[in-house]
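Structure record follows, encoded as structure tokens.
On a predicted model such as this, the values are computed, not experimentally measured, just so you know.
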Amino acid sequence: MLHRERGRARRAVTEAANEYRRALKTFDVGNPPHGTWRQHPFDTDPGRRSQVSSARVRAALADVDTALLRMPEILEAIDSVTVDDLMAQELIKFSDGDPDSFSEELDNAVCEERLHRSEELGYTDEVAAFLRLGNLVVQERSTDRYRCLVIDVGTYRPEPDLAFGIYDALRVYNNLSSSRFHDTVKIFRDMGRID
């Protein structure tokens, strides 16, 4: 049963990602608007304005496209995280043998590892911020507090509801809840995308 639910959840996310890739191919920012420097990709408080080239916009959208293309690998990487003996021993040490603390440490460690593997495959904060908010990160620098140059594409991007649905589905899929596969499918069912 769980195997079937996982397969259905994976198909729903992958199909949505493929459809969004097709939508992105038709997206033309044209003459890009000025970007604003922000502290992180999810920051909604714009700082200093800066000009943005079309080449940077295309490169940023290509990163989003690559992450969507690799969605099956990303989902597989999330599912492949297991707790080995070494990790369990370290978590027991961190929790001082307290069962509640151990459970919390375990949840955190598994989620962190899932996020790490997703990032290695291209599902970065920058991609997530675009799907969630329409914040397209076109340049980054490490020497300043305001490290991300962002174009706020927002509702101008194609199918913003689908983009947010993919973001939300991955957030739910990454949970440790036993209902995570069901909840992932429910997101797309509530959008009217699947029966």
Side-chain angles (χ1 to χ4, degrees), residues 9-10 12-78 81 111-175 184 187-188 191 193:
R10 282 185 177 195
V13 177
T14 302
E15 287 170 9
N18 288 336
E19 185 172 332
Y20 200 67
R21 285 186 70 222
R22 287 189 292 274
L24 272 182
K25 291 195 186 325
T26 66
F27 182 50
D28 181 16
V29 181
N31 189 15
H34 279 75
T36 55
W37 287 98
R38 303 184 189 189
Q39 293 184 40
H40 54 81
F42 290 95
D43 192 355
T44 56
D45 185 23
R48 194 176 74 251
R49 289 166 46 94
S50 191
Q51 227 169 353
V52 176
S53 71
S54 297
R56 285 198 188 267
V57 172
R58 283 193 299 277
L61 289 173
D63 289 342
V64 174
D65 181 70
T66 299
L68 295 171
L69 175 66
R70 299 185 83 181
M71 197 56 66
E73 295 169 69
I74 291 167
L75 297 172
E76 179 61 34
I78 290 170
V81 174
C111 284
E112 280 296 316
E113 183 60 24
R114 286 176 172 174
L115 288 172
H116 175 69
R117 291 186 188 186
S118 298
E119 285 177 355
E120 284 181 337
L121 290 168
Y123 187 71
T124 60
D125 282 349
E126 291 77 11
V127 172
F130 177 76
L131 294 174
R132 179 179 173 201
L133 301 168
N135 283 357
L136 184 64
V137 177
V138 294
Q139 185 179 341
E140 292 187 88
R141 60 187 182 193
S142 56
T143 57
D144 197 301
R145 189 175 94 169
Y146 294 93
R147 63 180 189 86
C148 300
L149 182 58
V150 174
I151 294 178
D152 186 359
V153 182
T155 55
Y156 298 108
R157 68 197 156 136
E159 299 195 49
D161 291 341
L162 177 58
F164 182 81
I166 296 166
Y167 162 82
D168 201 28
L170 279 170
R171 182 188 58 76
V172 169
Y173 197 92
N174 199 38
N175 287 343
T184 299
I187 288 168
F188 294 107
M191 292 172 69
R193 302 191 60 76

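By the 4.5 Å heavy-atom criterion applied to side chains, P46 and W37 are not counted as neighbours. Contact check for P32 versus I151: side-chain heavy atoms found under the 4.5 Å cut-off. Looking at heavy atoms from C-beta onward, R193 lies out of side-chain contact with E15 at the 4.5 angstrom threshold. Taking 4.5 Å as the limit, some side-chain heavy atom of D125 sits within range of a side-chain heavy atom of E119.
A salt bridge links R141 to D144: one of the charged nitrogens lies within less than 4.0 Å of a carboxylate oxygen. A salt bridge is absent between E120 and R117; no separation between the charged side-chain nitrogens and carboxylate oxygens falls under 4.0 Å. Using a cut-off of 4.0 Å between Lys/Arg side-chain N and Asp/Glu carboxylate O, R10 and E76 are scored as salt-bridged. R132 has no carboxylate O lying under 4.0 Å from a charged side-chain N of D168, or vice versa, which leaves the two without a salt bridge.
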- [ ] Check the pair L24, F130 against side chain to side chain contact (heavy atoms under 4.5 Å, CB included), reporting the backbone distance first and the verdict last.
- [x] CA-CA 12 Å; L24 272 182; F130 177 76; 4.1 Å; yes

Open item on the list: One pair to check against side chain to side chain contact (heavy atoms under 4.5 Å, CB included): L133 and V153. What are the steps and the verdict?
Closed with: CA-CA 8 Å; L133 301 168; V153 182; over 6 Å; no

- [ ] Begin with the C-alpha distance, continue with both residues' side-chain angles, and end with the deciding distance and a verdict on side chain to side chain contact (heavy atoms under 4.5 Å, CB included) for F27 and L61.
- [x] CA-CA 9 Å; F27 182 50; L61 289 173; 3.9 Å; yes

- [ ] I would like to know whether L75 and L170 meet side chain to side chain contact (heavy atoms under 4.5 Å, CB included); could you show each step before the answer?
- [x] CA-CA 8 Å; L75 297 172; L170 279 170; 3.7 Å; yes

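A distance-only check finds no donor-acceptor pair linking the side chain of R21 to the backbone of T66 [under 3.5 Å]. One N or O on the side chain of R114 and one on the backbone of N174 form a donor-acceptor pair closer than 3.5 Å. Using modelled atom types, one side-chain atom of R157 and one backbone atom of L131 make a donor-acceptor pair closer than 3.5 Å.
Between atom CG of residue D63 and atom CG of residue L68 there is a gap of 11.0 Å, rounded to the nearest 0.5 Å. Note: R58 CZ to D65 CG = 14.0 Å, rounded to the nearest 0.5 Å. Atom CD of residue E113 and atom CD1 of residue I78 lie 11.5 Å apart, to the nearest 0.5 angstrom. Distance CD/Q139 to OG/S53: 8.5 Å, rounded to 0.5 Å. The distance from atom CG of L121 to atom CD of E73, rounded to the nearest 0.5 Å, is 5.5 Å. In this structure, NE2 in H40 is found 9.5 Å from CG in D45, a value given to the nearest 0.5 Å.
Minimum heavy-atom separation, I74 to Y123: CD1-CB, 3.7 Å. Contact between G35 and V52 at its shortest, heavy atoms only, is N-CG2, 3.5 Å. Between T14 and P72 the shortest heavy-atom distance is CG2-CG, 3.8 Å. M71 approaches V13 most closely through the heavy-atom pair CG-CG1, 3.7 Å. The nearest pair of heavy atoms linking N135 to P41 is ND2-O, 2.9 Å. Contact detail for L149 and S50: the closest heavy-atom pair is CD1-CB, 3.8 Å.
R38 and T36 share a side-chain donor-acceptor pair at under 3.5 Å.
More than 12 heavy atoms of other residues, nucleotides or ligands shown are found within 6.0 angstrom of CD on Q39.
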